[in-house]
Number of protein chains: 2
Amino acid sequence: MARRTPSNYLEIKAYVRDKIESGAWQAGDLIPSEHELVRKFGVARMTVNRALRELTGEQLLMRVQGTGTFVADRRSQSTLIEIRSIHEEIAGRGHRHTSEVVLLGRSTDPQALRVLGLDNDGFAFQSQIVHFENDIPVQFEDRFVHPALFPDYLQQDFNATTPSDYMTRRAPIRRVQYSITARKATAQVRKLLRMEAGEPCMVLHRCTWSGRHAATSVFLWYAGGRLQLTGEF
Amino acid sequence: MARRTPSNYLEIKAYVRDKIESGAWQAGDLIPSEHELVRKFGVARMTVNRALRELTGEQLLMRVQGTGTFVADRRSQSTLIEIRSIHEEIAGRGHRHTSEVVLLGRSTDPQALRVLGLDNDGFAFQSQIVHFENDIPVQFEDRFVHPALFPDYLQQDFNATTPSDYMTRRAPIRRVQYSITARKATAQVRKLLRMEAGEPCMVLHRCTWSGRHAATSVFLWYAGGRLQLTGEF
DNA sequence: CAGTGGTCTAGACCACTGT
DNA sequence: CAGTGGTCTAGACCACTGC
């Protein structure tokens, strides 16, 4: 045989995927049983089973014990965008990631206090960090954290470790909320990210919850043209 | 035996998960080999293999052939943002969604032709639609489609159905690529979305692939302050 | 009842890594 | 080289479904 065999189960997966993508098998259709595919491909049932099981995990198939395997309904049209940590994003491109701490201290910003569930007499910890990709500033990270949940926040060395790394080690996160908006850069952001006047920013706001109150509230400012968030599936 | 057995591979998954969650096995640690787990649980290697393979798919483990299985670095978990269709997004807020077709015809835009894999003598179909939320314009949709894959595109009534709905009924999509950037609004976009001069836009670019070439290329322009993409998990 | 998928076994061969 | 994971086989028993 001259043919290159990329493992049998992958070949079966490709076969089924192709039938679905080409429209030969429509959503809701009953597809051949494991036994039939075993005969067709001349493999063991475990091999067919693995292929179909993985495709079920990928939401392309639906299986009902005792009945058969069906083409899954078109996926709900919602699409997912992946947001990787800034470090991974940059390292993934093979570039060098560095950061510079602009501010690390206490804040009484009323909006931040409200989000973190602190009353107006309290305070939050705040850090401001600029992230560089090959020495070009690409992200400004403005972070507020709950002082009760992260009492030693101000003692961290955020030139060595990123706040995200610290926080994921420190506290379990229950819920995360995001929003992405486009905004004009503030004067501070424009200066730190070395942007032209009027150049737009993308702002990712991320709130993490740990129980009843928000644990952190972060604003990530990206210079519009210098960084793209991308996804694929 | 009184114990309820929830299938062996699930038991092994639970065992490994517990070791990781309890901290007994730290990120980066080498965990017992398949062979050792086979001896410990008295099962076949395929059973252990399935458990570890699935945990690898769940990003809890990392496997290196010839070396071993390691506890994955939890920091590498990426976050996902969900982008729903404009209609769902608006309907989900209990608001009224309407749209207005601005343009429907042929285009020889060189960039679009290149993306769709058409040569410079060819043409693409183009549609431009403004989407309204309670009569406020919130999104400008600028779409290029491959005429061979959607020959009757120009005959559609996009006041009644959205292009996304049409396309998902028409052709199976296998690969999707996204990027989000912030941009200054063009004069046309500023007018259609009734924006102030200098107000920023968020531009979501989505390319769908169906086999070898791109099937569609869409630019979704959002007025910065009027729409947020949000996600949660 | 026969047919389906869910799981499992006890072997096997291979590709890869470290020494 | 011995040890690892990646894949596969040819059976098997079971739970479930529809008739």
Exercise for the section: Go through C:dT4, D:dG6, D:dC8 for me and flag the one nearest to the B:Arg63 side chain. Expected result: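 The closest nucleotide is D:dG6.
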Value in whole Å for how far the [atom2] atom of [N] lies from [atom1] of [X]:
{"X": "A:Leu10", "N": "D:dG6", "atom1": "CG", "atom2": "P", "answer": "13 Å"}
{"X": "B:Met62", "N": "D:dT4", "atom1": "CE", "atom2": "P", "answer": "17 Å"}
{"X": "B:Glu11", "N": "C:dG6", "atom1": "CD", "atom2": "P", "answer": "20 Å"}
{"X": "B:Lys13", "N": "C:dT7", "atom1": "NZ", "atom2": "C1'", "answer": "14 Å"}
{"X": "B:Asn49", "N": "D:dT4", "atom1": "CG", "atom2": "C1'", "answer": "12 Å"}
{"X": "B:Leu52", "N": "D:dT4", "atom1": "CG", "atom2": "P", "answer": "13 Å"}
{"X": "A:Tyr9", "N": "D:dC8", "atom1": "OH", "atom2": "P", "answer": "7 Å"}
{"X": "A:Arg53", "N": "D:dC8", "atom1": "CZ", "atom2": "C1'", "answer": "13 Å"}

Practice task
Report the end-to-end axis angle of the helix from C:dC1-D:dG18 to C:dC16-D:dG3; each axis comes from five terminal pairs, and the value is rounded to 10°.
Solution key: 10°
Practice task
Measure the shortest side-chain to side-chain distance between A:Trp25 and A:Pro32 over non-hydrogen atoms and say whether it is less than 4.5 angstrom.
Solution key: yes
Practice task
Determine whether B:Val218 and B:Asp142 make a side-chain contact, defined as any pair of heavy atoms from C-beta on separated by less than 4.5 Å.
Solution key: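 B:Val218 vs B:Asp142: side chains apart.
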Practice task
Considering non-hydrogen atoms only, spot the tightest contact between A:Leu220 and A:Gln139 and give its length.
Solution key: CD2-OE1, 3.6 Å
Handout entry: B/S/- contact track for nucleotides 9-16 of chain D, protein heavy atom under 4.0 Å
Key = BB-B--BB
Any donor-acceptor pair under 3.5 Å linking the side-chain atoms of [Y] with those of [X]?
{"X": "B:Arg143", "Y": "B:Ser127", "value": "no"}
{"X": "B:His205", "Y": "B:Thr181", "value": "no"}
{"X": "A:Glu141", "Y": "A:His131", "value": "yes"}
{"X": "A:Asn49", "Y": "A:Arg53", "value": "yes"}

Practice task
May I ask you to verify if any side-chain N or O of B:Thr69 is less than 4.0 angstrom from the OP1 or OP2 atom of D:dG5?
Solution key: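 Yes.
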Handout entry: Residue-phosphate contact under 4.0 Å: A:Ser33 side-chain N/O, C:dT4 OP1/OP2
Key = yes
Exercise for the section: Return the set of residues passing side-chain hydrogen bond (donor to acceptor under 3.5 Å, both in side chains) with B:Arg50 (not counting sequence neighbours), or none when no residue passes. Expected result: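 With sequence neighbours excluded, B:Arg50 shows a side-chain hydrogen bond (donor to acceptor under 3.5 Å, both in side chains) to B:Tyr9, B:Glu54, given in chain and number order.
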Handout entry: Test of ring centre spacing under 6.0 Å for B:Phe41 and B:Tyr15
Key =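 Close enough - the centres of the two rings lie under 6.0 Å apart.
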